[in-house]
Every structure is written in structure tokens, then in C-alpha cells.
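First up is the structure itself, then whatever we jot down about it.
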Amino acid sequence: QVQLVESGGGLVQAGGSLRLSCAASGITFNTNAMGWYRQAPGKQRELVASISSRGSTFYIDSVKGRFTISRDNAKNTVYLQMNSLKPEDTAVYYCAADNRPTTIVPNDYWGQGTQVTVSS
């Protein structure tokens with residue numbers, strides 16, 4: 001059974017940092033593309049960052065230079081390091097996996113989400 005479990009969300013002040021983790025099981029992790037999406041209240045879910053099986057990364061412009069996605073294949077875990085957080089980063093953040101190793105829009109499997117709240 002595929003399972004993606006996010007952790008690391010919480011409440012931080014603007015300018016602060018958080019590191020999200022996503023532990024995967026039931027997939028061949030090292031051949032999956034992985035990614036992070038977020039959904040703010042009243043808005044569509046949007047891709048934030050993704051990483052291919054070989055480590056190529058993608059970021060949307062609004063987080064470029066502030067967020068870093070990485071993966072540890074030995075731990076079957078993908079991370080999202082979020083620095084210089086802004087109130088507009090407030091959302092539920094979801095981990096996603098995809099059997100296609102190079103896609104920038106992974107969408108085969110989803111975690112349950114973790115809340116990130118940034119206060120002003």
C-alpha cells in the first residue's frame with residue numbers, strides 16, 4: 001500500500017523557516033519523481049516544487065530562492081526547506097509522488113497534508 005506521510009508544518013512568524021518532510025512507503029522511491037503542492041483557503045491547489053528521480057528540481061517563481069526541495073533515497077524521504085516565509089505562503093502543503101521519473105508535475109499519489117501558517 002502506498003503511503004506518503006508529511007510532517008514539519010506549524011505556525012511561524014514572517015521571515016522564519018520550516019522544513020517539511022515526506023516519508024514514502026509502498027513505492028520504488030528512487031525511480032519516482034516527488035513534489036510539494038499547496039492549497040490556500042479558497043484557492044486551487046498549486047505545485048510549489050518538484051524533484052526528479054535524478055535530482056533535477058523545479059520551483060514556481062514565487063518561492064524561487066526561498067524554498068529548496070531535496071530527497072534522501074536512503075530514507076525514502078523528500079524535504080521542503082522553506083526560508084524567509086511570507087504570510088502568502090500560508091496553506092496546507094501536500095506531498096506527491098509519480099511513477100514517471102522525470103515529470104515536474106507528480107500526481108499519482110498524495111499525502112494527507114500538513115498545515116503551514118505564517119503570521120505577519
Side-chain angles (χ1 to χ4, degrees):
Q1 185 176 354
V2 175
Q3 191 171 33
L4 304 177
V5 180
E6 301 101 330
S7 61
L11 174 64
V12 296
Q13 292 191 82
S17 297
L18 284 173
R19 189 176 77 158
L20 306 183
S21 299
C22 172
S25 59
I27 64 171
T28 306
F29 184 83
N30 67 353
T31 61
N32 270 243
M34 303 293 296
W36 290 93
Y37 291 74
R38 66 186 180 189
Q39 188 167 27
K43 294 187 177 181
Q44 299 252 58
R45 186 176 299 189
E46 66 172 348
L47 178 69
V48 176
S50 61
I51 184 166
S52 76
S53 66
R54 299 185 67 182
S56 297
T57 57
F58 166 83
Y59 303 91
I60 58 172
D61 286 346
S62 62
V63 309
K64 200 169 296 180
R66 299 189 297 122
F67 291 11
T68 302
I69 188 170
S70 61
R71 64 193 297 156
D72 186 338
N73 289 345
K75 296 181 178 179
N76 283 10
T77 300
V78 63
Y79 305 95
L80 186 67
Q81 178 67 47
M82 304 185 294
N83 298 326
S84 302
L85 282 161
K86 304 174 180 180
E88 50 262 48
D89 296 318
T90 295
V92 177
Y93 283 71
Y94 297 90
C95 179
D98 201 290
N99 289 322
R100 297 170 293 174
T102 61
T103 186
I104 65 170
V105 287
N107 63 1
D108 284 341
Y109 312 107
W110 298 87
Q112 76 292 320
T114 185
Q115 177 71 48
V116 171
T117 303
V118 185
S119 62
S120 59

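This is a predicted model, so every value here is computed, not measured.
- Atoms CD and CD, on Q39 and Q44 in that order, are 7.5 Å from each other to the nearest 0.5 Å.
- Residues I60 and V92 share a hydrophobic cluster, clusters being chains of Ile/Leu/Val/Met/Phe/Trp/Tyr side chains in contact below 4.5 Å.
- In terms of hydrophobic clustering, with Ile, Leu, Val, Met, Phe, Trp and Tyr side chains grouped at heavy-atom distances under 4.5 Å, V5 and V2 are assigned to different clusters.
- Considering CH2 of W36 and CD1 of I51, their distance stands at 12.0 Å, rounded to 0.5 Å.
- Side-chain contact between P106 and M34 is absent, with no heavy atoms from C-beta onward closer than 4.5 Å.
- For the pair A14 and P87, the tightest heavy-atom approach, listed with the atom from each and the gap, is CB-CD, 4.1 Å.
- In this structure, CG in N32 is found 5.0 Å from CG in N99, a value given to the nearest 0.5 Å.
- A 4.5 Å side-chain heavy-atom check between Q81 and S17 finds at least one atom pair inside the cut-off.
- Across all their heavy atoms, R71 and N73 have their closest contact at NE-OD1, 3.0 Å.
- Closest approach of F29 and V78 over heavy atoms only: CZ-N, 4.1 Å.
- Side-chain atoms of Y94 and C22, non-hydrogen and from C-beta on, never get closer than 4.5 Å to each other.
- Considering all non-hydrogen atoms of both residues, T77 and S21 come closest at CG2-CB, 4.3 Å.
- The backbone N or O of L11 lies less than 3.5 Å from no partner atom in the side chain of T117, so there is not a single donor-acceptor pair.
- By the 4.5 Å heavy-atom criterion applied to side chains, T102 and R100 are not counted as neighbours.
- Using a distance-only test at 3.5 Å, with no hydrogens or angles considered, no donor-acceptor pair links the side chain of Y79 to the main chain of T68.
- Atom OG in S120 sits 9.5 Å away from atom CD in Q13 (nearest 0.5 Å).
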Task: side chain to side chain contact (heavy atoms under 4.5 Å, CB included) assessment of Y37 paired with V105 - done: CA-CA 9 Å; Y37 291 74; V105 287; 4.0 Å; yes
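- In this structure, the separation between CG on L18 and CG on L80 is 9.5 Å, given to the nearest 0.5 Å.
- One distance of note links CD of E88 with OG of S62; it measures 8.5 Å at 0.5 Å rounding.
- Using cut-offs of 30° and 60° on the angle between ring planes, the pair Y93 and F67 is tilted.
- D89 is not listed as a side-chain neighbour of M82, based on a closest heavy-atom distance of 4.5 Å or more.
- Ion pairing between a basic and an acidic side chain is recognised when a charged N comes within 4.0 Å of a carboxylate O; K64 and D61 show such pairing.
- I104 and S50 make their closest contact through O-OG, 2.9 Å (heavy atoms, listed as atom of the first residue, atom of the second, distance).
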Task: Audit row: E6, L20, side chain to side chain contact (heavy atoms under 4.5 Å, CB included) steps and yes/no - done: CA-CA 7 Å; E6 301 101 330; L20 306 183; over 6 Å; no
